[in-house]
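Reading through the structure tokens given below for one structure.
Both backbone and side-chain heavy atoms feed into the values below; hydrogens, waters and symmetry mates do not. If you read the sequence from its start, that first residue is 1, and numbering goes on from there.
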Amino acid sequence: MIKAILFDIDGTLLHTGGAGAVAWQRAFVELYQVEANIEEHTHAGMTDPEIAETVFREVVGREGSDTERTEAIGCYLGHLADAVTESEGYFVIPGIEELLPRLVEEGILLGVVTGNIESAAHIKLARGDLNRFFAFGGYGSDSRSRTELTKKALERGGEISGKPLDHDQTIAVGDTPRDVKAGHGAGIHVVGVATGSYSIEELREAGADWAVEDVTSGFPL
């Protein structure tokens with residue numbers, strides 16, 4: 001019996017239509033007058049702190065200091081809300097708007113587990129009116145490691161429920177091999193959904209306990 005589910009955001013719940021990349025690009029143009037094409041230097045599943053480090057190293061051409069990376073993330077956040085609002089490619093992935101309220105009605109505790117820093121996660125969820133479904137989460141602002149931020153989400157879920165979450169009754173849902181690895185590293189099973197950049201076969205090869213096209217078919221609940 002599943003009692004709690006942790007959902008990744010980008011590629012699993014929604015697509016922003018590249019809004020995150022636009023916000024990063026605007027931030028680095030503003031701060032360093034360099035064009036940072038995020039898609040050329042990063043890949044799905046990276047945390048926001050990892051993205052900032054990579055752009056400094058590969059685009060700015062040096063390792064940014066802690067202060068500089070913090071400033072870059074702050075500038076990115078300053079541009080993100082507008083980028084999400086302006087995005088013509090933003091959409092909630094099919095099946096999600098039907099699935100989430102049903103899970104809540106069944107008494108299943110829902111959280112997010114994402115490489116986004118917490119405020120960025122809420123900005124992305126807000127346009128699709130999805131924040132209302134999630135009581136807790138683990139974020140890129142908690143750790144650069146997706147496994148560790150997944151563990152943090154489990155810890156917070158236990159605080160919400162009043163007792164530690166039973167790992168055998170908790171699953172994660174994500175669209176990348178990194179999501180699968182993180183969930184298993186935190187001791188829970190993972191549903192891989194082929195709604196992002198990876199196919200069912202690739203998710204299955206990564207070790208997903210379930211690998212499905214999307215949440216409308218084959219989802220274990």
With sequence neighbours excluded, tell me which residues meet salt bridge (Lys or Arg N to Asp or Glu O under 4.0 Å) with D142.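 So D142 forms a salt bridge (Lys or Arg N to Asp or Glu O under 4.0 Å) with R156.
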
Quick one: salt bridge (Lys or Arg N to Asp or Glu O under 4.0 Å) partners of K151, sequence neighbours excluded?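 Residues passing salt bridge (Lys or Arg N to Asp or Glu O under 4.0 Å) with K151: E148.
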
Report the residues that fulfil ring-ring contact (aromatic ring centres under 6.0 Å, His included) with [X], sequence neighbours left out, ordered by chain and then residue number.
X	value
F133	none
F7	none
H79	none
F91	H15

Using 4.0 Å as the upper bound for N to carboxylate O, is an ion pair formed by D179 and R146?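 Yes, R146 and D179 are salt-bridged.
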
Which ring-ring contact (aromatic ring centres under 6.0 Å, His included) pairs, counting each pair once, include a residue from residues 144-166, with sequence neighbours left out? none

What pairs of residues pass the ring-ring contact (aromatic ring centres under 6.0 Å, His included) test when at least one of them lies in residues 150-186, not counting sequence neighbours?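 For residues 150-186: none.
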
Under the 3.5 angstrom rule, does the side chain of T12 hit a backbone N or O of I9 as a donor-acceptor pair?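 Looks like no, no N/O pair under 3.5 Å.
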
Can E50 and R178 be said to form a salt bridge (charged side-chain N to carboxylate O under 4.0 Å, His left out), step by step? CA-CA 13 Å; E50 286 179 312; R178 279 194 167 203; 3.0 Å; yes

Rounded to the nearest 0.5 Å, what separation is found between the OG1 atom of T150 and the CD1 atom of I188?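 It comes to 6.5 Å.
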
Separation between CD1 of I171 and NE2 of H189, rounded to the nearest 0.5 Å: 9.5 Å

Summary of side chain to side chain donor-acceptor pair (under 3.5 Å) pairs that have at least one residue in residues 80-90, sequence neighbours excluded: R26-E86

Listing request: all side chain to side chain donor-acceptor pair (under 3.5 Å) pairs with a residue in residues 108-123, at least two apart in sequence or in separate chains.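 Sorted pair list: D10-N116, T114-N116, N116-K124, H122-N131.
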
Can the ring centroids of F56 and Y32 be said to lie less than 6.0 angstrom from one another? yes

Got a sec, which pairs hit salt bridge (charged side-chain N to carboxylate O under 4.0 Å, His left out) with one end in residues 92-107, sequence neighbours left out?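 Applying salt bridge (charged side-chain N to carboxylate O under 4.0 Å, His left out) to every pair that reaches into residues 92-107, excluding sequence neighbours, yields R102-E106.
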
Restricting to pairs with a member in residues 185-209, which pass salt bridge (charged side-chain N to carboxylate O under 4.0 Å, His left out), not counting sequence neighbours?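 For residues 185-209, and leaving out neighbouring residues, there are no salt bridge (charged side-chain N to carboxylate O under 4.0 Å, His left out) pairs at all.
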
Determine whether D214 and T195 satisfy the following criterion, side chain to side chain donor-acceptor pair (under 3.5 Å), listing intermediate values before the conclusion. CA-CA 6 Å; D214 57 37; T195 48; over 6 Å; no

